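Working notes, structure below.
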Amino acid sequence: MGLVNVGIATLLKPTPSVATDPSIVVGASPSFEFGPQAAVPSAASTVVNQVSFLNPPSFSTSVPDLVPSPVSPIGDSSPTPLAPLSPSSNSTSSPSLDLEPASTRTLPSSPVTQPPPSHSQASAAMSDEFNALVHQGTWELVPPNACQHVIGCKWVFRVKRNKEGRVERFKARLVAKGFHQRPGFDYFNTFSPVIKPVTIRVVLSLAITQNWSIRQLDVNNAFLHGKLEEDLFMAQPPGFIDASQPLHVCRLRKSIYGLKQAPRTWFQELKSFLLSHGFQNSRSDTSLFIYRNGSDCLYFLVYVDDIIVTGSNPQLIDSLIQLISNTFSIKDLGSLTYFLGVNAIFTPAGLFLSQAQYIRDLLDKFGMAEAKPVSSPMATTPLQLHQGLKLSDPSPYRRLVGSLQYLNLTRPDITFAVNRLSQFLHAPSDVHMQAAKRVLRYLKGSIFHGLLLRRQPLSPLHAFSDSDWAGDKDTLRSTTGYLVFLGRNPISWKACKQKTVARSSTEAEYRALAAVSSEVMWVCHLLRELGHPVSSPPAVYCDNVGATHLSSNPIRRDKQGDLNETTVFHLKEDFSPLPLRTFSSAIPFAKSSSPLPQLELMAAGALCHQRL
């Protein structure tokens, strides 16, 4: 399944690492080969003194109501141009790792505990944030009137840590109280797309195979770049009230953190910028942008304010980064090392993705750092809804399962277990809590496991599907699971309960086959947009002869008239006149020497789990 044991030096999607720069620069962009220029007028900047409080706020909590402390502006200061961005070296030059089994390694100690921030650190962080907002021209002060709907704001504090878990800096964020907004008046559309994990793995697999440079960018104060279409009014920030106009309110020109439409306005602003410079928006994934110029191509992946850029021409990547830095305040983080809480380590074999630090944090958070490891994530006894005693406080269970879901980015071996535990969030019991802690014990023994994207040819595209018929003893519904490979690299996996009861094992397996066929078809369209179309029909493996025959014999579709077979047969027509290759395999009863891996869809014993 592409899992290896490699020794290496994080909450659901971690809070985006947005750096604060007190001298955000907005200016005209120079002429590059990406299309017409997009000049943005500069805004006046105001520098304020650091403010002090009798009781400085803690960085572990949000402070909605600080005692206002009037601060008068000192004057105007001209923005300082950004320093030239130095091109990063090729990512393939990173040091290699010794592939040593995890059982022979000693777990590193927990990160050193850092002291809490001092009064001056809290004040400095708030001043930096306020200066950035003023430099961006985020608002203008206007007199209040009865027609204005004024929303509040508050300061939220956070400790930013690096990939080793050490304190990097202290961050203060001015957040609008979005729950004061009125739908239909203060905001309309709020949805903002993010890059799909499957797209990230596909693009990284292509880049690794072709030895492309992979760069990582971080946008400073990303949400502040979005332009608002609605008229919004906000109270002046606590602690930074204008002494000459203390009763005025802020009329927002640009978006701010906490607003309902803030993520959407930022994405629309970035999208407009990229499209105006020759990029094309992918139809398969809205957060993927593709640029082509002759034989050169660039891939631009966006997850809120975290960006990955890769392509065939390193000089073109440097030009793009320089162009973006003239419009947005960005931080060039160099080669990909730490993205979305995942450590990316380049090895001679390829790119290794690991969430070891995130697992350590989970073990410490739930008091399982000294627990005894186990060799499988679930016991062989199936879980049921009415087992054990109901928990008086289900919040710890829900937090634990929610945290485990984020590990699906690099750990397909716990996909089924996490899916099963997620079905009891509404009424968990002590038995379910013990099962969730067992997953933590399994992670304790496999903390260095991760995903290895190999530097090998990426064809052919093949997938494996499976289903456990009536595996849910409460509803008698089956569980669908599949695993999709691009060459030897696993790129997509899923385990989910089917929507209806299957009347036979063939019907359950056929539903799983339809689900994986839909996913394979989507991956084929994505590869075609990326300029790497699939040359041969993808192979789909299943372990049920009846489902295999049914998928290749449309005459007998009347026997399964209630199934959605469109995806299976549309996939066949997509590669006409080549047929869809479906195979019946004996997995999971295949011999250990079989080259066909399979996603675990049942609670297997330790030996069976290790073999799979």
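As the structure is a prediction and not an experimental result, all values here were calculated from the model. Atoms considered below: every heavy atom in the structure, side chains included; atoms not considered: hydrogens, waters and symmetry mates.
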Tell me yes or no: between the side chains of Q322 and D318, is some donor less than 3.5 Å from an acceptor? no
Checking D218, N220, N221 against S329 for side-chain hydrogen bond (donor to acceptor under 3.5 Å, both in side chains), the one that qualifies is N220
Could you walk me through whether D413 and Y442 pass side-chain hydrogen bond (donor to acceptor under 3.5 Å, both in side chains), step by step? CA-CA 10 Å; D413 53 335; Y442 170 73; 2.6 Å; yes
Within a reach of under 6.0 Å around CD of Q456, are more than 12 heavy atoms found that belong to other residues, nucleotides or ligands? yes
Verify whether the ring centers belonging to Y299 and F289 lie closer than 6.0 Å. no
Quick check against the 3.5 Å criterion: does Q216 have a side-chain atom that pairs as donor or acceptor with the backbone of Y338? yes
Can you confirm whether more than 12 heavy atoms, excluding those of Q280, are under 6.0 Å from its CD atom? no
Side-chain heavy-atom pair D543, E509 within 4.5 angstrom cut-off: yes
Non-hydrogen side-chain atoms of F485 and L461 separated by less than 4.5 Å: no
Take T480 and V516 through the side-chain contact (heavy atoms from CB on, under 4.5 Å) test and state the conclusion after the steps. CA-CA 9 Å; T480 291; V516 70; over 6 Å; no
Sorted by chain and number, sequence neighbours left out, side-chain hydrogen bond (donor to acceptor under 3.5 Å, both in side chains) with T190 holds for none
Is a side-chain N or O of R511 found less than 3.5 angstrom from the main chain of Q498, in a donor-acceptor match? no
I491 and V202, any side-chain heavy atoms less than 4.5 Å apart: yes
Would you say the side chain of L320 lies within less than 4.5 Å of the side chain of F279, judging by non-hydrogen atoms? yes
Excluding sequence neighbours, so at least two apart, what forms side-chain hydrogen bond (donor to acceptor under 3.5 Å, both in side chains) with S287? none
Side-chain contact, heavy-atom cut-off 4.5 Å: F223 with V304? yes
CG of L526 to NZ of K196, rounded to nearest 0.5 Å, is 8.5 Å
Mind checking what makes side-chain contact (heavy atoms from CB on, under 4.5 Å) contact with A207, not counting sequence neighbours? W212, I214, T310
Contacts of D472 meeting side-chain hydrogen bond (donor to acceptor under 3.5 Å, both in side chains) (sequence neighbours excluded), chain-then-number -> R420, T475, K497
Taking the six-membered ring for Trp, are W266 and H225 parallel (under 30°), tilted (30 to 60°) or perpendicular (over 60°)? tilted
Side chains of F191 and P193: closer than 4.5 Å at any heavy-atom pair? yes
For the residue pair T209 and R454, confirm or rule out a side-chain donor-acceptor distance under 3.5 Å. no
Main-chain N/O of L453 paired to N489 side chain as donor or acceptor, under 3.5 Å: no
Using the six-membered ring wherever Trp is involved, compare the ring planes of F464 and H462 and label them parallel, tilted or perpendicular (cut-offs 30° and 60°). perpendicular
Donor-acceptor pair, side chain of Y358 and main chain of S403, under 3.5 angstrom: yes
Is it true that a side-chain atom of T410 and a backbone atom of L451 form a donor plus acceptor pair closer than 3.5 Å? no
Any sub-3.5 Å donor-acceptor pair from Y291's side-chain atoms to L274's backbone N or O? no
Non-neighbouring partners of S192 that pass side-chain contact (heavy atoms from CB on, under 4.5 Å), sequence neighbours left out: P263, R264, F267
Stepwise ring pair (Phe, Tyr, Trp, His ring centres under 6.0 Å) test for F328 and F273: CA-CA 10 Å; F328 306 105; F273 172 81; 5.4 Å; yes
Give the C-alpha distance, both sets of side-chain angles, the deciding distance and a yes or no for side-chain contact (heavy atoms from CB on, under 4.5 Å) between R360 and I447. CA-CA 8 Å; R360 286 197 204 97; I447 191 171; 3.3 Å; yes
With side-chain contact (heavy atoms from CB on, under 4.5 Å) as the test, would you mind laying out the steps for Y482 and L513 before giving the verdict? CA-CA 8 Å; Y482 60 77; L513 187 60; over 6 Å; no
Take R455 and T347, measure what side-chain hydrogen bond (donor to acceptor under 3.5 Å, both in side chains) needs, and give me the verdict at the end. CA-CA 9 Å; R455 188 178 287 109; T347 70; over 6 Å; no
May I ask you to test the Q355-N343 pair for a side-chain heavy-atom distance under 4.5 Å? no
Aromatic ring proximity W493/F416, centre distance under 6.0 Å: no
Can a donor-acceptor pair be found, under 3.5 Å and without considering hydrogens, that links the side chain of R215 to the backbone of I317? no
Would you say S478 and D468 are linked by a side-chain donor-acceptor pair, where the criterion is simply a distance under 3.5 Å? no
Could you pull out all residues at least two apart from R201 that satisfy salt bridge (Lys or Arg N to Asp or Glu O under 4.0 Å)? none
With S505 via side-chain hydrogen bond (donor to acceptor under 3.5 Å, both in side chains) - residues at least two apart: none
Residues which pass side-chain contact (heavy atoms from CB on, under 4.5 Å) with V418, listed by chain and number, not counting sequence neighbours: L404, Q405, N408, I414, S422
Given the rule in the side-chain contact (heavy atoms from CB on, under 4.5 Å) test, do F300 and L288 qualify, once you have shown the distances and angles that lead to the verdict? CA-CA 6 Å; F300 196 91; L288 171 64; over 6 Å; no
With sequence neighbours excluded, tell me which residues meet side-chain contact (heavy atoms from CB on, under 4.5 Å) with E529. S282, R283, S284, I290
Between atom CG of L270 and atom OG1 of T265, what is the distance when rounded to the nearest 0.5 Å? 11.5 Å
